[in-house]
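Comments concern the structure below.
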There are 2 protein chains.
Amino acid sequence: MLNEAVNLESSPGAQAASDRRVRDRGATERAILAAAKGLLSEEGFQNFGINAVARRAGCDKQLIYRYYGGLDGLVEAIGADLGTWVRDRIPEDAGGMFLLTYGDLMERLALLLLDALKNDPLMRRILAWEVSENTEQVRRLSEARSKALALWLDRMRGSLAPPKGVDAAAVNAVVIAAIQHLVLAGAAGGQCAGLSLKTSKDWEKAALALKRLVRGVYG
Amino acid sequence: MLNEAVNLESSPGAQAASDRRVRDRGATERAILAAAKGLLSEEGFQNFGINAVARRAGCDKQLIYRYYGGLDGLVEAIGADLGTWVRDRIPEDAGGMFLLTYGDLMERLALLLLDALKNDPLMRRILAWEVSENTEQVRRLSEARSKALALWLDRMRGSLAPPKGVDAAAVNAVVIAAIQHLVLAGAAGGQCAGLSLKTSKDWEKAALALKRLVRGVYG
DNA sequence: CCCCGCTGTCACCAATCGGTGAGTAGCGGG
DNA sequence: CCCGCTACTCACCGATTGGTGACAGCGGGG
């Protein structure tokens with residue numbers, strides 16, 4: 001039914017032969033990792049499983065067990081890959097920014113983070129995963145993500161000291177929480193607490209409100 | 001277990017007879033709804049399904065199809081039930097609050113919402129569901145939830161007008177986003193952006209930061 | 001040369017999923 | 001008392017899940 005006659009293939013039957021995977025473990029490993037990241041980005045963690053990844057990678061799931069030790073190992077590999085996230089979005093002039101006040105800096109960082117997350121489906125999916133499940137799997141991934149975020153913030157901050165009299169760590173955490181939830185809600189439902197988050201005009205309004213909040217505490 | 005043995009048989013087989021559900025459609029419907037809400041609250045949306053609900057309700061899944069038209073209808077019933085959420089947390093003195101400024105009001109509302117969500121696992125799970133999936137099912141539930149939230153805010157606000165010059169709707173949405181994400185992250189992983197969210201002392205720090213932010217914009 | 005190891009494929013497992021059709025059991029009205 | 005309506009249960013369906021053991025084919029080292 002599937003296979004034509006056993007003939008000397010000249011017809012599309014040859015396709016099966018040409019599709020044949022070259023024996024290259026490294027390439028296969030990379031294909032699996034890419035498939036996993038793509039699948040997580042596009043479909044979310046709901047239907048993220050061995051079978052789905054293998055299907056997308058175009059290989060047998062057995063290879064995932066062999067090369068990554070199962071889904072857990074694969075997820076860990078994704079986490080390790082998140083290290084590139086911070087590298088990829090550190091502008092060269094990070095150290096030479098002409099930011100005068102801590103408020104200037106935090107406003108800038110908030111807007112940068114908002115934009116970065118808005119355009120990074122993988123990070124968004126991981127974030128949603130984090131707040132939805134509490135397995136060891138997602139905990140490891142979460143750790144990698146938050147470490148990357150912390151490193152990014154640290155690099156961007158440089159040596160500027162926060163003002164005294166405010167618990168900057170707590171305030172920043174709340175601001176980041178707001179950013180993350182805005183992005184999640186916007187991507188998922190297109191709105192948050194009655195505020196539409198679809199058009200770029202919508203996002204400008206949200207960004208302005210965010211700026212006001214940050215400026216309100218840090219001046 | 002509940003009922004003593006009225007009968008002749010003393011063997012464990014009697015248990016099955018004593019457990020026997022009384023034929024009461026209304027009670028069964030309520031049991032199913034309660035099971036659904038409890039399951040969603042405790043386990044999250046991951047393993048929320050016909051089989052799990054029926055198992056917890058102690059009845060056959062067929063009844064869920066019959067009485068609620070399947071999971072969708074059941075979810076909708078949960079959504080309808082969220083209307084009580086508002087009623088349950090409107091303090092009597094809502095109209096008679098001696099709040100002078102819009103800032104006073106929003107600070108108070110923010111802290112109230114933070115606490116309410118912190119202690120409401122069902123709302124939290126729904127919230128997490130909203131940012132993780134975008135099916136028709138969750139969209140309806142989301143709508144019910146946000147409508148309840150909007151109504152609550154409206155009731156609490158009374159007739160106090162927001163100050164001019166600020167996009168209060170956007171600012172409030174951002175604040176609510178922060179609250180919701182703090183609660184989600186706290187419940188799931190016990191922290192958010194490096195800020196621990198476990199002890200009540202942790203939450204006080206977060207609440208203080210939240211107050212500062214609100215006060216910063218609304219004075 | 002042959003053989004062994006590595007890469008990749010396939011077949012199969014038990015468990016669970018959502019969903020449906022048919023059958024049982026008890027209560028209430030005639 | 002019995003009959004019918006209704007609440008309820010059971011058995012089964014195909015599909016999909018995570019997981020494993022056995023096998024095929026190529027290639028390099030003895």
Side-chain angles (χ1 to χ4, degrees), chain A residues 1-3 6 9 13-36 39-40 43-76 133 135-138, chain B residues 3 6-7 9 13-36 39-40 43-77 133 135-138:
Chain A
M1 189 195 267
L2 290 176
N3 287 342
V6 210
E9 57 264 295
Q15 168 193 357
S18 69
D19 275 357
R20 186 145 224 100
R21 173 172 303 286
V22 280
R23 301 175 130 253
D24 182 343
R25 169 159 178 170
T28 303
E29 283 183 3
R30 266 174 279 128
I32 291 174
L33 185 57
L39 190 66
L40 189 53
E43 308 287 333
F45 60 94
Q46 318 279 1
N47 300 98
F48 185 77
I50 286 279
N51 291 304
V53 171
R55 221 176 296 131
R56 181 184 245 249
C59 71
D60 198 273
K61 55 183 170 184
Q62 175 72 17
L63 299 184
I64 300 178
Y65 287 105
R66 272 222 265 278
Y67 297 157
Y68 290 95
L71 249 200
D72 296 359
L74 185 52
V75 166
E76 206 138 357
E133 223 170 0
T135 61
E136 187 59 31
Q137 223 181 36
V138 68
Chain B
N3 290 338
V6 214
N7 44 19
E9 56 249 0
Q15 168 192 355
S18 67
D19 277 355
R20 187 146 230 100
R21 170 172 305 287
V22 282
R23 301 178 129 254
D24 181 342
R25 168 158 178 168
T28 302
E29 285 182 2
R30 265 174 279 127
I32 291 174
L33 185 56
L39 190 67
L40 189 52
E43 308 286 334
F45 60 94
Q46 318 279 4
N47 300 97
F48 186 76
I50 286 279
N51 292 305
V53 172
R55 220 176 296 133
R56 181 184 245 252
C59 72
D60 198 272
K61 57 184 169 184
Q62 175 72 16
L63 299 184
I64 300 178
Y65 287 105
R66 272 220 259 282
Y67 298 156
Y68 291 95
L71 248 199
D72 297 358
L74 184 53
V75 166
E76 207 138 357
E133 224 170 0
T135 62
E136 188 59 31
Q137 225 181 35
V138 67

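Every heavy atom of this structure was used, including side-chain atoms; hydrogens, water molecules and symmetry mates were not. Just so we're on the same page: letters track the sequence lines, and every chain starts at 1. Every value quoted in this text rests on a predicted model; they were computed, and no experiment measured them.
In this structure, I64(A) atom CD1 and dG18(D) atom P are separated by 10 Å, rounded to whole Å. Note: CG (N47(A)) to P (dT17(D)) measures 8 Å, nearest angstrom. Remark: P of dT17(D) and CD of Q46(A) are 14 Å apart, rounded to the nearest angstrom. Look at CZ on R56(A): it is 19 Å from C1' on dT17(D), rounded to the nearest Å. Atom CD in Q62(A) sits roughly 14 Å away from atom P in dC23(D) (whole-Å rounding). Counting to the nearest Å, the C1' atom of dG21(C) and the CG atom of L63(B) are 15 Å from each other. Counting to the nearest Å, the C1' atom of dT17(D) and the CG atom of N51(A) are 6 Å from each other. As rounded to whole Å, 18 Å separates atom P of dG27(D) from atom CZ of R25(A).
Rotation axes derived from the C1' atoms of the five outermost pairs at either end of the helix from dC1(C)-dG30(D) to dG30(C)-dC1(D) lie 30° apart, to the nearest 10°.
Using modelled atom types, one side-chain atom of D24(B) and one backbone atom of A27(B) make a donor-acceptor pair closer than 3.5 Å.
Across all their heavy atoms, L39(A) and A52(A) have their closest contact at CD2-CB, 3.5 Å. Here the closest non-hydrogen pair linking R56(B) and A35(B) is CD-O, 3.3 Å. Nearest heavy-atom pair, Y68(B) versus A77(B), reported as atom, atom and distance to 0.1 Å: CE2-CB, 3.8 Å. Across V138(B) and E133(B), no two heavy atoms sit closer than the pair CG1-O, 3.6 Å. Of all the heavy atoms in L71(A) and G49(A), the pair that sits closest is CD1-CA, 3.8 Å.
Looking at L40(B), I32(B), I50(B) one by one, the single match for side-chain contact (heavy atoms from CB on, under 4.5 Å) with L74(B) turns out to be I32(B).
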Dump the pairs, protein N or O against N or O of nucleotides 11-15 of chain C, anything under 3.5 Å, distances to one decimal.
none

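Of the two residues near DNA chain D, A52(A) and R66(A), the one whose nearest nucleotide lies more 5' is A52(A).
Taking side-chain N and O atoms only, R55(B) has a distance below 4.0 Å to OP1 or OP2 of dC17(C). Side-chain nitrogen and oxygen atoms of T28(A) include none within less than 4.0 Å of the OP1 or OP2 phosphate oxygen of dT7(C).
In this structure, the salt bridge (Lys or Arg N to Asp or Glu O under 4.0 Å) partners of R25(A), at least two apart in sequence or on a different chain, are E29(A).
Here dG19(C) is the nucleotide among dT9(D), dC10(C), dG19(C) with the atom lying nearest to any side-chain atom of Y65(B). Between dT7(C), dT9(C), dA25(C), one nucleotide has an atom nearer to the side chain of R23(B) than all others, and that is dA25(C). The side chain of I50(B) lies closest to dG19(C) when the candidates are dG19(C), dG18(D), dT9(D).
Going from atom CG of D60(B) over to atom CZ of R55(B) covers 12.0 Å, rounded to the nearest 0.5 Å.
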